[in-house]
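I have placed the structure first, in the form of C-alpha cells, so that the comments after it can refer back to it.
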Amino acid sequence: MNDAVEVKTLIIDEQEVSARRGQTILEVARENGIQIPTLCSLDGLSSVGACRMCLVEIKGSNKLLPACVATVYEGMEVTTNSERLQKYRRNILELLFAERNHICSVCVSNGHCELQTLGQQHGLTHVRLPYRNPDLHVDASHERFTVDHNRCVLCTRCVRVCAEIEGAHIWDVKGRGIDSIVITDLNQPWGESACTRCGKCVQVCPTGALFDKSKVGADHPKYPDFLPFLNMMREAQ
Amino acid sequence: MNIEELEQIAESVRLENSRYDFEVNVCMDLACMSQGSDRLRDELVKAAEASGKKVLVRRTGCMGPCSSGPLVRVDPEETLYHHVKAGDAEAIVSSLGGDPVPALQCDLNEHFDKQVRVVLENAGHIDPEKIDDYIARDGYKALLTALTEMTPNGVVHRITESGLRGRGGGGYPTGLKWGTVAKAGGDLKYVVCNGDEGDPGAFMDRSVMEGDPHRIIEGMAIAAYGVGASKGFIYVRAEYPIAVSRLTTALREARRRGLLGNGICGTTFNFDVEIRLGAGAFVCGEETALLASIEGRRGTPRPRPPYPAVSGLWGKPTLINNVETYANVAPIVRNGGKWFFNMGSERSKGTKVFALTGRITHTGLIEVPLGIKLWEIIDVIGGGVPGGHTLKAVQTGGPSGGCIPAEMLGLGVSYDALMAAGSIMGSGGMIVMDDTSCMVNVARFFIEFCMTESCGKCIPCRAGTAQMYTLLTRICEGQGTMDDLDLLVELCDTVKNASLCGLGQTAPNPVLSTLKYFRNEYIEHIVHKRCPAGVCNIQAPVEVLA
C-alpha cells in the first residue's frame, strides 16, 4: 500500500471501484450507486459517526466502521449490506422509535421524514421494545419555528449547521445519555436566544423535531440540498 | 540539576532521617484520612514532642489494607498498627524502643508476602508532598539518565523491550504506542496522563496520585522525551481533591528543582505539565472524549481512526496513557526492560495494582505480579470471604468487565485469560461477591451505571443501555418473560458491535458474562419468580377477587 498514489482502488459489495485518497467509504459508495443508509450524516456538514446506521464491514477486521468517516485505502474490501448489518440497522431504528414519542400520523413531517423512510426501507413493521414515553416539552417561543423534542433523534445536524455554516452556534446538547436534549443558547427558550432566524437548522432536521410554524397542517418537505451548493459557492469566492 | 546534585539531595535526606531513632509513618490516603488520620498525625507529633524521643512522624500515601485503617507503621521495626485512633497516639509513642502495643498490632504478613511492589514501591514510605523524599528513593534518576545517556529512540526501545501494556484497561502495548507518536511528524506534540478513574470500586490511580505524585510526573517527562513532546496534561477527576492538591504541590516542587520547565538538567529538553480537572463524566476516561474535554469542548468520543497518536489534542500527535502506565516507566528505565519483562506471565508482563473490594476480609490496594492465580488474590492476599459466606463471583474491569464465577478461581490473572473468560483486566477494580449477591441485580447495577454515564452521542449506547436497564429491571421485579431475555441478548449484540466508543462496546459485558455463568439465576427470576440470593424484591402475584 503506497499512500503517495492518489487514486485508490477498492471493492465495495463485490464491485471494483476507484477513489481519491482521503475520500470516505460513503462518498465512494454513493458515486458508484451503492446506497448506504445514513441519518446523522449530511452532505455539507462535518461527519460525527453518531447514528451508526452507515456501519459497514471491512474484510480482515472484526470492527464495524462508520462509512461516513472511515476513509478508503488501497485494496479495501467493504460489505455494506450483510444480514448482520441489516439486523443492527433495524435494531438501531427500533431503539429510536421506542426512545421518544414518534407518532407519524400527527407529525408535520409525515411523508417527508428521514426516520420514517428508513423505517420503511428496513421493513420495520413493529417495535418489540417497550416504549419509553418520555415527558418532553415543545418550545414554540420562536416567532417562526418550533422545536418538538419528542421527535428529535439527537443527530446534531442542527448543532453542526448552526456552528459550522451559519456561524451562530446557538444549538448545543445538554445532559447526557438518555437524558440528552438539544438546547438553544444556555438552555434559554429558542425565541429569547441569539438565533439569527436563518432557518438552516429546520431545513436539515431529518424529522419533524424542528419545523416552520407557517407549515403546520400543510405539507412540510425539507430542502437540505442547499448546503453543498452553499459550500461550493463560498469556496469559489 | 544533574545526577550528582540529585545524589546530594538524597544524601541530605538520609542524614536528616538518621537524626531520628524512630519513624512513625501515618497513612494519609483518602480512606485513612476519612477515618481521622490527619488528627492522629497531629496527636502523634504532639506526643513525640512531649516524650523527648527522637521521632519522625511522616505523612505517607496508601499502605494497602484500607479496611484496617487508619494505619500506622513504625520503622525501623516495621511494626504495623491498624484501626489507630487519635487517642492511641501516646501509647504508640511511649512504646517506641520497647514492646509494641499489642492491642493495635496486626499481622498481615500473608497479605503482603505474595505482593510485589513496583508501582507502589514508595507509597507508604515517602511524604508525597516532599520531592526530596522521592529523590532519596532514586526518584528522578531515571529521567536524568534518560536525558543524559539515552536517545529518545533508546527510551522507546526500552519500554517496548519491557513488554509493558497499557494499564488503563485496553492492554495496548505501550512501547508500540510511544513509537507511533515518536514517528508522527510535527514540532508540537503532547503527552497526556489519564487520571479520570471512574469504575465503581476502583481507586488504584487515586492512591498512586495521592501517595507518589512525582512518579507520574517523572514517567510523563520520560515519555515526552521519548516521543518528542514538550507539553503535558494530567486529567484528573475533580472528585479527587487530595490527588489534585498533591499533584499541584509536586508540579511546583519539580519546577523549583528544575526537573520541569525549559532546558531540563542543562539539556535542550523542555517540558511542563498542566492539570486539567474532569467534571465528573465517566466517559471522559475514553481517550478521545478526554481530549475533547481538555480542549474545552463537550466530552464526547469521536470515531477512531484517526488515533490520538496521529491527531490528538488540537490535531497534534498526542500520547495518552493511564496513571499506572506512567508509574511503571521510571522503574523500567532505571532497571532495564529485561527486569520488567521477567516479571509476570507470558503475554502480560510486570505487576498490576488492583483495588480489592466487596465481600472480602482485607479490602484495599494490592500489587501483584501478573499471572498470579485468582484464588491467591482472594484467599491468601484478601483473606477470603468473611462471615462464613461462600464466594460466588469476582467482578473485574468495572462496568466494562464481567463476573468470573468461583469455579474459575484457578485462572491466572492476565489480559488474555480474563478476556477469554468474558471479562477484562480493566483498570484494576476487583469486586468480590458472595452468596448474598444476586447476579441479575449486579448486571442491572452496571447497566444502570453505563446508562447514566453514556454521553448520548451514538444511538446504540444511549438508547440501548436504557432499554437493557428496563428489561433487567423487569426481570429483577419478577415481571420478565423469556422473550425479554431473548430481546436482552439481541440488544447486547447490537450495543456491543454498533456503539461508537469503548463505553458502549463493553457495556453489555456484565450482562453477557452473568448470562454465561449464572443463566440459572435469570431463569429463576423469570420462570419461578424468585431471587435465589434473596436480594430482589419480587412480589407474589396478587390474586384478584372477582
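Order of the sequence lines sets the chain letters (A, B, ...), proteins ahead of strands, with each chain counted from 1.
Only the side chain of A/L55 has a heavy atom closer than 4.5 Å to any heavy atom of chain B. Only the side chain of B/Q505 comes within contact range of chain A, with at least one heavy atom under 4.5 Å from a heavy atom of that chain. With a threshold of 4.5 angstrom between heavy atoms, B/S499 approaches chain A through N, CA, C or O but not through any side-chain atom. For A/V153, the part lying under 4.5 angstrom from a heavy atom of chain B is the backbone only. Within the 4.5 angstrom heavy-atom criterion, only side-chain atoms of B/L487, from C-beta onward, approach chain A. Proximity to chain B (any heavy atom under 4.5 Å) is restricted, for A/V69, to the side chain, taken from C-beta onward. In this structure, no portion of A/A70 lies under 4.5 Å from any heavy atom of chain B.
Heavy-atom pairs under 4.5 Å with chain B peak, among A/L39, A/L95, A/N62, A/L65, at A/L95. Highest contact tally toward chain A, considering only B/S454, B/P305, B/C461, is held by B/S454 [criterion: heavy-atom pairs under 4.5 Å].
Residues A/L129 and B/L491 are in side-chain contact: their nearest non-hydrogen atoms beyond the backbone lie under 4.5 Å apart. Side-chain contact between A/R84 and B/N497: present, with at least one pair of heavy atoms (C-beta onward) separated by less than 4.5 Å. At least one side-chain heavy atom of B/P460 sits under 4.5 Å from a side-chain heavy atom of A/I92. Looking at B/R462 and A/L96, their side chains come closer than 4.5 Å, going by heavy atoms from C-beta outward.
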| request: Verify side chain to side chain contact (heavy atoms under 4.5 Å, CB included) between B/R302 and A/V48, making sure each step is shown before the conclusion. | output: CA-CA 7 Å; B/R302 59 161 177 79; A/V48 288; over 6 Å; no
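Counting heavy-atom neighbours within 6.0 Å of B/R347 CZ, excluding the residue itself, gives a total of 12 or less.
Residue B/T494 holds its OG1 atom at 12.5 Å from CZ of A/R52, rounded to the nearest 0.5 Å. To the nearest 0.5 Å, atom CG of residue A/D172 and atom CZ of residue B/R298 are 7.0 Å apart. Within the model, atoms SG of A/C40 and NZ of B/K457 stand 8.5 Å from one another, a figure rounded to the nearest 0.5 Å. The distance from atom CZ of A/R132 to atom OG1 of B/T470, rounded to the nearest 0.5 Å, is 5.0 Å. With rounding to the nearest 0.5 Å, the separation of CD1 in B/I459 from CG in A/L93 is 8.0 Å.
Here the shortest heavy-atom pairing between B/G456 and A/S180 reads CA-OG, 3.7 Å. Annotation for A/I178 and B/A466: closest pair CD1-CB, 3.6 Å, computed over non-hydrogen atoms. Taking every heavy atom of both residues into account, A/P66 and B/P303 meet most closely at CG-CB, 4.4 Å.
At a threshold of 4.0 Å, the pair A/K87-B/D493 counts as salt-bridged, since one of the basic side-chain nitrogens sits closer than that to a carboxylate oxygen.
Checked by atom type and distance alone, the side chain of B/Q467 pairs as donor or acceptor with a backbone atom of A/P130 at under 3.5 Å.
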